[in-house]
Amino acid sequence: MSFTLFFTWAYPSVIAPLFNKFSPLQDLSLKERLEDLLLRCGFNSNGMFVMDGSRQSSHGNAYFSGFGKNKRIVFFDTLLKSLEADEIEAVLAHELGHFKRRHVLKMMLTMALISLLGLALLGWLMQQPWFFEGLGAHHHSHAMALALFLLVIPTFTTFFTPIFSSLSRKHEFEADNYAAQQSSAAALISGLVKMYRDNASTLTPDPLYSAFHHSHPLPCALPIYPLNSSNRQIQARTHETAIDLYRSLHCAHCECRRIRRFPG
């Protein structure tokens with residue numbers, strides 16, 4: 001836990017610059033707009049920076065890292081090139097939604113609890129001869145127990161994957177709803193669809209696979225949940241808008257033809 005906290009604190013200013021170049025955000029009008037958003041959300045940062053993500057790929061993203069006075073906001077340069085100002089604001093509002101809803105803190109505490117339970121389980125298994133013998137190990141030692149534990153634990157934790165995926169998607173829903181309150185829901189929709197395009201993501205994955213593995217909501221649901229509306233006519237119009245947007249941004253074949261219309 002202490003290492004995780006130290007790593008989180010040191011990553012923005014010490015570790016990340018070893019692998020990428022970070023420069024202050026130069027667009028003054030965009031910076032002023034984003035600072036107004038930070039003020040509305042009550043978020044204090046140690047600056048807004050642009051990362052040279054285009055050196056590796058066209059993948060676009062925005063995130064904030066660190067904690068306390070060492071928090072900083074980072075935009076991939078690819079994101080700034082592909083999104084409009086209102087879309088960038090909406091994407092940042094989404095990230096701020098994670099902060100305001102304390103998702104990072106909740107996940108850190110959850111992982112700390114899981115780690116403690118895992119260590120307790122490992123301590124118990126060390127005392128069980130069948131644990132070694134069942135895995136074909138005749139030499140009993142702490143090192144062997146740890147090696148065997150790390151080898152087999154992914155097989156059993158696989159069954160918990162859909163639970164954590166569902167929890168992560170719930171956090172994404174909450175962050176998007178917060179972003180829709182603090183910025184433009186329409187800009188959030190168009191920004192997310194553009195990011196799916198630039199990141200070469202499909203809008204129509206297999207629902208069962210997505211429910212099991214995806215930490216973010218089903219892409220085909222993207223146009224609906226940011227508005228958090230119970231009016232199905234509004235939802236349907238929003239869904240249609242996102243479909244048309246994706247078609248205009250992407251291509252007229254493959255995925256676009258498979259997107260299902262929102263049921264009226």
Side-chain angles (χ1 to χ4, degrees), residues 8-9 11-13 15-17 19-68 70-105 107 168-169 171-201 214-217 219 222-223 225-226 242 245 249:
T8 303
W9 175 84
Y11 179 82
S13 56
I15 300 174
F19 303 96
N20 291 95
K21 180 181 178 181
F22 295 82
S23 57
L25 180 63
Q26 298 296 327
D27 189 329
L28 296 181
S29 61
L30 176 61
K31 184 176 181 180
E32 182 178 353
R33 181 171 188 160
L34 298 180
E35 286 176 345
D36 289 340
L37 173 64
L38 297 180
L39 185 62
R40 294 198 306 270
C41 297
F43 184 88
N44 298 317
S45 74
N46 193 27
M48 288 180 277
F49 297 85
V50 179
M51 190 186 87
D52 59 342
S54 57
R55 286 197 312 158
Q56 287 89 17
S57 72
S58 61
H59 174 81
N61 197 12
Y63 67 91
F64 65 86
S65 58
F67 62 88
N70 207 33
K71 294 195 298 288
R72 60 167 58 184
I73 298 169
V74 177
F75 300 95
F76 283 34
D77 56 353
T78 50
L79 184 78
L80 299 181
K81 293 176 182 177
S82 62
L83 301 189
E84 301 296 331
D86 59 342
E87 295 169 339
I88 296 172
E89 179 186 30
V91 170
L92 178 57
H94 167 92
E95 298 302 325
L96 292 173
H98 288 302
F99 167 76
K100 295 298 289 187
R101 299 292 183 256
R102 301 183 181 276
H103 294 157
V104 176
L105 177 61
M107 290 305 297
S168 177
R169 290 193 298 270
H171 288 172
E172 294 298 325
F173 284 139
E174 293 175 354
D176 283 324
N177 285 331
Y178 181 85
Q181 296 168 8
Q182 299 297 329
S183 60
S184 167
L188 176 63
I189 293 167
S190 60
L192 289 173
V193 172
K194 286 181 181 179
M195 290 175 68
Y196 267 87
R197 174 204 63 183
D198 295 340
N199 297 342
S201 300
H214 287 172
S215 60
H216 286 60
L222 282 174
Y225 63 76
L245 175 63
L249 291 174

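- Two residues are said to be in side-chain contact when any heavy atoms from C-beta on lie closer than 4.5 Å; Gln56 and Asn20 meet this criterion.
- The environment of CZ in Arg102 is sparse: at most 12 heavy-atom neighbours from other residues, nucleotides or ligands sit within 6.0 Å.
- In this structure, CD1 in Ile88 is found 7.0 Å from CG in Leu34, a value given to the nearest 0.5 Å.
- Leu38 and Leu96 make their closest contact through CD2-CD1, 3.7 Å (heavy atoms, listed as atom of the first residue, atom of the second, distance).
- In this structure, Arg101 is not positioned above the aromatic face of Tyr178 in the sense of NZ or CZ being under 6.0 Å from the six-membered ring centre and within 45° of the axis.
- Of the candidates Asp36, Leu30, Leu37, Leu37 is the only one forming a side chain to side chain contact (heavy atoms under 4.5 Å, CB included) with Glu89.
- In this structure, the side chains of Arg55 and Asp77 stay at 4.5 Å or more apart for every pair of heavy atoms.
- Here the closest heavy-atom approach between residue Ser183 and residue Ala93 is recorded as OG-CB, 3.8 Å.
- Looking only at atom types and distance, the side chain of His103 has no donor-acceptor partner in the side chain of Glu172 under 3.5 Å away.
- Closest non-hydrogen pair, Ala90 versus Ala179, comes out as O-CB, 3.8 Å.
- The minimum heavy-atom distance between His214 and Arg169, with the atom names listed, is O-NH1, 2.8 Å.
- A 4.5 Å side-chain heavy-atom check between Val50 and Leu80 finds at least one atom pair inside the cut-off.
- Tyr63 has its side chain out of reach of His98: every pair of non-hydrogen atoms, C-beta onward, lies at least 4.5 Å apart.
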Margin query: Between Met195 and Val91, is the side chain to side chain contact (heavy atoms under 4.5 Å, CB included) condition met? List the steps.
Written below: CA-CA 10 Å; Met195 290 175 68; Val91 170; 3.9 Å; yes

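- Taking 4.5 Å as the limit, every side-chain heavy atom of His94 sits out of range of all side-chain heavy atoms of Leu192.
- Side-chain contact check for Gln182 versus Lys100: every heavy-atom pair is 4.5 Å or farther apart.
- The shortest side-chain heavy-atom distance between Lys194 and Glu84 falls under the 4.5 Å cut-off.
- Between Leu92 and Phe75 the shortest side-chain heavy-atom distance falls below 4.5 Å.
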